[in-house]
Amino acid sequence: MSPISIALLIIAITVVLFIWEPIPIIVTAIGASIAFAYTGLIEVSDIFTGYNSTTIVLLAGMMVIGSSLFHAGITDLIGEKMVRVTGKSERNIILATLIVSCLLSSVCSNIGVMTAMAPLVTAMCIAAGVGPSKALLALLFGAQFGGFVTLVGVGSNATANSVMSDLGITPFGFFSITPFGIGVCILGTLYFTFIGRKMIPDTGYVPEFAKTEKKPLDKKKAAISVVTLLCVLVVIAASPDNMPMHVAAVIGALVIVGTKCMSVQEAIRAIDWNCMLLVGSLTAISTGFKNSGAGDAVAEMILKILGDDPSPFMVTTVIFFAAAILTQFMSNIPSIMLFLPIGISIAEQIGVSPYPVAMTITLAGAASYAIPFAAPQNMMTVGWTQYKFVDFCKIGLPMLLVTYVVVAALVPIFLPY
């Protein structure tokens with residue numbers, strides 16, 4: 001069998017097992033990583049490299065900080081105050097979560113926003129008497145929508161600019177992506193709040209960081225927990241070169257344990273190991289798929305579909321869906337790095353501006369919200385919510401169509417061919 005056939009077979013089996021779930025999904029995820037290694041698509045030494053990442057460190061640190069709010073007994077107070085604004089309506093809680101996460105992730109890392117907000121969203125749901133699973137999924141979507149608003153929203157945006165520069169094209173400006181991001185935020189928020197949330201169940205699952213017996217308010221511990229969380233948020237937003245967000249999260253966790261807001265044992269129990277294992281397994285799956293050459297095969301197929309004289313609308317449509325589908329199985333950055341040179345070459349061949357094509361690829365390449373293993377933050381949300389593969393598809397695939405509508409509608413206005 002060719003490497004592409006092997007990769008597609010492993011992915012197909014993984015998807016079937018994710019849908020059917022005859023075994024825990026973590027077993028499936030790690031099993032897929034091992035399968036990629038022993039079929040020669042990745043090195044055996046790379047099976048567990050995903051667990052040696054800054055994302056894992058960030059998650060562990062933020063889970064401890066978030067759990068400290070529950071241990072200090074302040075989450076009830078926070079939740080009650082937030083519910084005074086939203087009421088006890090699940091719809092209003094989801095809407096508020098989407099709006100805030102969109103705003104924050106436009107200038108901060110989406111994973112940083114999610115790990116910081118998850119305890120607050122969970123506390124708000126508990127105070128309102130609703131399950132947190134839908135709101136936590138809304139947190140994921142809001143953080144992803146917000147990443148489209150500015151050039152620094154997600155790392156793949158900056159990568160697209162870098163590739164454009166390497167190809168001799170003037171990169172996008174800081175706010176070039178903003179009209180498209182605002183469009184995705186508005187339509188995506190409306191879709192999730194009024195349609196999407198009705199398509200998925202409340203799983204009734206409560207994340208590990210919130211699983212602690214109800215404790216009375218300890219003002220000293222509460223003050224330390226809140227100040228620590230706020231300080232880490234400020235660092236994540238500022239993104240100083242000498243203080244990466246995963247280091248800030250670990251320092252925050254050390255403060256929590258060092259001041260005895262939580263014991264070492266409580267901090268260890270606060271870490272959702274199922275979530276961490278799911279996130280870590282993603283690297284090997286993505287790398288194996290990339291190494292198989294499947295992405296190059298998709299690129300060749302695009303050229304055949306477009307033919308010699310495609311219309312600009314045809315170029316936008318075919319490239320968008322090809323990049324969007326591929327990025328569900330590869331990480332955002334490799335998808336964009338693969339497609340941008342191809343897209344810009346096609347634009348030159350048919351005599352149109354390369355900028356609408358580049359913007360289409362940038363947006364489609366980051367639209368990784370249709371399946372659980374499309375991105376680390378998706379796998380993280382699986383751990384927090386216990387949503388199934390089918391649930392992600394139900395709500396994520398329509399969101400891909402929403403994103404496409406935004407691109408198709410706004411490209412002629414802001415970046416005409």
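Heavy atoms only: backbone and side chains are in, while hydrogens, waters and symmetry mates are out.
- With hydrogens and angles disregarded, no donor-acceptor distance shorter than 3.5 Å links the side chain of Tyr205 to the backbone of Trp384.
- For Gln144 (side chain) and Asn110 (main-chain N/O), no donor-acceptor pair under 3.5 Å exists by modelled atom type.
- Atoms CD1 and CD1, from Ile99 and Ile186 in turn, are 10.5 Å apart once rounded to the nearest 0.5 Å.
- Rounded to the nearest 0.5 angstrom, Met262 CE and Ile268 CD1 are separated by 10.0 Å.
- The aromatic ring centres of Tyr404 and Phe321 sit less than 6.0 Å apart.
- Partners of Tyr191 according to the side-chain hydrogen bond (donor to acceptor under 3.5 Å, both in side chains) rule, which considers only residues two or more places apart in sequence or in another chain, do not exist here.
- Remark: side-chain polar atoms of Ser292 are not paired, donor with acceptor, to backbone N or O of Ile4 under 3.5 angstrom.
- Environment of CD in Glu43: sparse, with no more than 12 heavy atoms of neighbouring residues, nucleotides or ligands closer than 6.0 Å.
- Below 30°, between 30° and 60°, or above 60°: for Phe141 and Phe145 the angle between ring planes is above 60°, a perpendicular geometry.
- Of the N and O atoms on the side chains of Tyr355 and Ser176, not one donor lies less than 3.5 Å from an acceptor on the other residue.
- In the model, Thr381 has no side-chain atom that pairs as donor or acceptor with a side-chain atom of Tyr387 under 3.5 Å.
- Taking 4.5 Å as the limit, every side-chain heavy atom of Met380 sits out of range of all side-chain heavy atoms of Thr55.
- Residue Phe392 holds its CZ atom at 13.5 Å from CD1 of Ile19, rounded to the nearest 0.5 Å.
- Asn92 meets the side-chain hydrogen bond (donor to acceptor under 3.5 Å, both in side chains) test with no other residue; sequence neighbours excluded.
- Only one option out of Ile285, Val279, Thr287 pairs with Thr283 in a side chain to side chain contact (heavy atoms under 4.5 Å, CB included); it is Thr287.
- Put simply, the side chain of Ser156 does not reach to within 4.5 Å of the side chain of Thr362, judged on heavy atoms.
- Judged as a side chain to side chain contact (heavy atoms under 4.5 Å, CB included), and not counting sequence neighbours, the contacts of Asp218 are Lys220, Lys221.
- For Asp272 (side chain) and Met63 (main-chain N/O), no donor-acceptor pair under 3.5 Å exists by modelled atom type.
- A distance of 6.0 Å separates CG of Leu229 from CG of Leu69, quoted to the nearest 0.5 Å.
- Atom OG of Ser225 sits about 9.0 Å away from atom CD1 of Ile78, to the nearest 0.5 Å.
- Between the CD1 atom of Ile177 and the CG atom of Asn157 there is a distance of 4.0 Å, given to the nearest 0.5 Å.
- Using a 4.5 Å heavy-atom cutoff, the side chains of Ser45 and Thr49 are not in contact.
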